[in-house]
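For ligands, and for the atoms within them, numbers begin at 1 and follow the listed sequence.
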Amino acid sequence: MPMKLTRKEQEMLNGTCGPGMQAAMEVVVKMGELYGAERLLPVQNAHIDAAAYTTIWEAGTDFLEYLVACGARVAVPTTINPVSRDIENWRNLGISEEFAMKSKRIEEAYLALGVIPTWTCAPYQSTNVPRFGEIVSWSESNAVNYVNSVIGARAERLPDLMDVCCAVTGRVPAYGMYLDENRKGELLFVLEGFDDSWFRDTVDYAVLGYHVGEIAVNRVPVIAGLPAGTTADQLKAFSAAAASGGAICLFHALGLTPEATSLEAVCPDPRIVETHRVTPDDLRDTRKRLDTAAGEHVDMVLLGCPHLSADELGQLARLLQDQKVAAGTELWLMTSDTQYQLARRAGNAQILEEAGALITRDTCLMEIDEGNGRWRGKTLVTNSGKAAQYAPAINGVRIHMAAMEGCVRAAVTGVIPRRR
Ligand code: F3S
């Protein structure tokens, strides 16, 4: 069914606002009709996922350059995901000139479109922090889950390149999580039997997120029993893992996330909600299924999926102080340039680099490696549920999940840390 457009939106679609706006509006309207939306919503800000070359390839790059050639620009403040190279240090990562230049084309197109060059999958750590209830146009699965759930803004998982069109038009179709009726909790997870040793480290949040995602799949889970002191970084780990484990784009953590002031607030009739008990054994089982490492040797340790915050870089510096990464093992820390500069000011980036860690900025190592097979068959230790889900499929690695302290131990000893 055709959508109802305002006069301004009709002009955008007719080409009155230029061919770039018209092309973007055609995509937004067609996709909106596909989703069954009746109208468009104006957005306050945007975050674009479609930044890695291995996500949009040549055709996507051509589309961006077409928009630029038509004079299009983003209509609202817009941040953007990691690109396919560390913009300053790509040569140190063994990236070929040819591949780096493909990324550069994309970066230049986005700069011409007017995006804020954050090149991060965790824009909510700085630069792009929407208000509660704000309608935003975001993509990147962890970021959408976080902005919906932890911030309480309203976002849907926009497909790549449609996210660009939404940023250019400043409009999204009114569907999915933009609508009140779709934001209610649909199933309840009650944590039981966890003592104080649990949920201190982000890895427990990552494993719980993955576990919840696997059961909830595309529905809205409510979680009861997380500690009151849960941090933003821990909710970041949960958001990423739940999104990759089961395409979750909104969750409610009772007493923690802003819409979940009580069970009744998110589940108008809690009696009819499907309930799941979650015990330490459930999380041990989930973690065992994610762990595919065979031997004892560790080839790589990866933290920063999603990108590390300055605080996490500080925690890592304290753990790694006066130690060295083992020969034959690499320690990779992924972050944004913004968080990296904060870590430098604090002296933490220097500690980490002197210990032998490679801190990458602006990029995602898994996406860079996608398809070139250099990681195939190697053992990777990580605290990220999203990396544990994607890296075996995309990069062919074997995974061992560990807490941050265990990741550091794996890096300095080159040996798989003992399991809980
Ligand atoms: Fe970010 Fe790459 Fe992980 S984009 S969330 S570091 S897969």
Just to verify, which of Asp163, Asp49, Asn45 counts as forming a side chain to side chain donor-acceptor pair (under 3.5 Å) with Trp138?
Asn45

What orientation do His211 and Phe189 show, parallel under 30°, tilted 30 to 60°, or perpendicular over 60°?
perpendicular

May I ask you to check whether Phe238 and Tyr146 place their ring centres under 6.0 Å from each other?
no

Can a donor-acceptor pair be found between the side chains of His47 and Asn128 at a distance below 3.5 Å?
no

Is it the case that the side chains of Glu156 and Tyr35 hold a donor-acceptor pair, with the cut-off being a distance below 3.5 Å and no angle test?
no

Does the ring of Tyr340 carry Arg361 above it, NZ/CZ under 6.0 angstrom from centre and within 45° of its axis?
yes

Tell me, please: is Gly304 in heavy-atom contact with ligand 1, that is, under 4.0 Å?
yes

So, at under 2.8 Å, which protein N, O or S atoms would a careful student list around atom 2 (Fe) of ligand 1?
Cys364 SG

